[in-house]
Amino acid sequence: MDLNSRSIVERITFYVKHIPVGKVATYGQIADMAGNPRASRVVVRVLNTVSKTEKLPWHRVINSKGMISLKRGHGYEMQKHLLESEGVIFNDNDRINLKQFQWRGS
DNA sequence: AACCTGACTTCGG
DNA sequence: TCCGAAGCCAGGT
């Protein structure tokens, strides 16, 4: 498919779908791969809208600090559980070691 | 067209 | 290393 002719939203969707199991990507990282390193907030919108009609591995997207952005009682627990079930480890500060789990796209 | 919003990021103190 | 402020994108109102 011709990614370059697609919209930023479509490209973001494409990359999110390609995050491998057991790995994570940051909002900024996906935005960057999609062509606009400053469109991290668009990634948020995509996860909220697109994931309603398509199955996306939304839980594999975390913030630049290696932490889950969802709040407790509002998805945080669910996302953490999904990631742990894939082998991702959280340290004592509830953070994920990006050096170890961040997806290194090509 | 102005204004608001969101699972963000970067930078300065 | 930890905030707070400011910057940023795109869609919805």
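A note on names: the letters A, B, ... follow the listed sequences, proteins ahead of strands, and every chain is numbered from 1. Hydrogens, waters and symmetry mates are skipped; everything else that's a heavy atom, side chains included, is used.
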**Student:** Among dC9(C), dC8(B), dA7(B), which nucleotide has an atom closest to any side-chain atom of Trp58(A)?
**Tutor:** dA7(B)
**Student:** Go through dG6(B), dT9(B), dG11(C) for me and flag the one nearest to the Val44(A) side chain.
**Tutor:** dG6(B)
**Student:** Consider side-chain contact (heavy atoms from CB on, under 4.5 Å). Of Leu83(A), Val61(A), Ile68(A), which one does Val24(A) pass it with?
**Tutor:** Leu83(A)
**Student:** Would you mind reading off the distance between Met67(A) atom CE and dC3(C) atom P, rounded to a whole angstrom?
**Tutor:** 10 Å
**Student:** Take atom CE in Met78(A); do more than 12 heavy atoms of anything else shown fall under 6.0 Å from it?
**Tutor:** no
**Student:** Check the distance between dC8(C)'s C1' and Tyr27(A)'s OH and give it to me in whole angstrom.
**Tutor:** 16 Å
**Student:** Would you please confirm or rule out a distance under 4.0 Å between OP1 or OP2 of dT9(B) and any side-chain N or O of Ser64(A)?
**Tutor:** yes
**Student:** Looking at Asn36(A), I'd like to know whether one of its side-chain N or O atoms comes within less than 4.0 Å of OP1 or OP2 on dC8(C).
**Tutor:** no
**Student:** Could you tell me whether the side chain of Glu86(A) and the main chain of His81(A) form a donor-acceptor pair under 3.5 Å?
**Tutor:** no
**Student:** Please report, rounded to the nearest Å, how far the P atom of dC11(B) is from the CZ atom of Arg38(A).
**Tutor:** 12 Å
**Student:** Rounding to a whole Å, what distance do you find between Glu10(A):CD and dA10(C):P?
**Tutor:** 13 Å
**Student:** So, is the end of the Arg72(A) side chain (NZ or CZ) under 6.0 Å from the ring centre of Tyr76(A) and within 45° of the ring's axis?
**Tutor:** yes
**Student:** When we call it a touch if two heavy atoms are under 4.0 Å apart, what does Ile8(A) touch: a base, just sugar-phosphate, or nothing?
**Tutor:** sugar-phosphate
**Student:** Does the base of dC8(B) carry an N or O that pairs as donor and acceptor with the side chain of Arg41(A) under 3.5 Å?
**Tutor:** yes
**Student:** Does this structure show an ion pair linking Asp94(A) with Lys80(A), if we count only N-O contacts that are shorter than 4.0 Å?
**Tutor:** yes
**Student:** Between dA7(B) and dT13(C), how far apart are the C1' atoms? Round to whole Å, please.
**Tutor:** 22 Å
**Student:** Please report the distance, rounded to the nearest Å, between CZ in Arg45(A) and P in dT9(B).
**Tutor:** 15 Å
**Student:** Measure from CD1 on Ile12(A) to C1' on dC9(C) and round the result to the nearest Å.
**Tutor:** 9 Å
**Student:** Can you tell me the distance, in whole Å, between the CG atom of Asp94(A) and the P atom of dC2(C)?
**Tutor:** 14 Å
**Student:** Rounded to whole Å, please give me the gap between NZ in Lys65(A) and P in dC11(B).
**Tutor:** 15 Å
**Student:** Which part of the nucleic acid, if any, lies within reach of Ser40(A) when heavy atoms closer than 4.0 Å are counted: base, sugar-phosphate only, or nothing?
**Tutor:** base
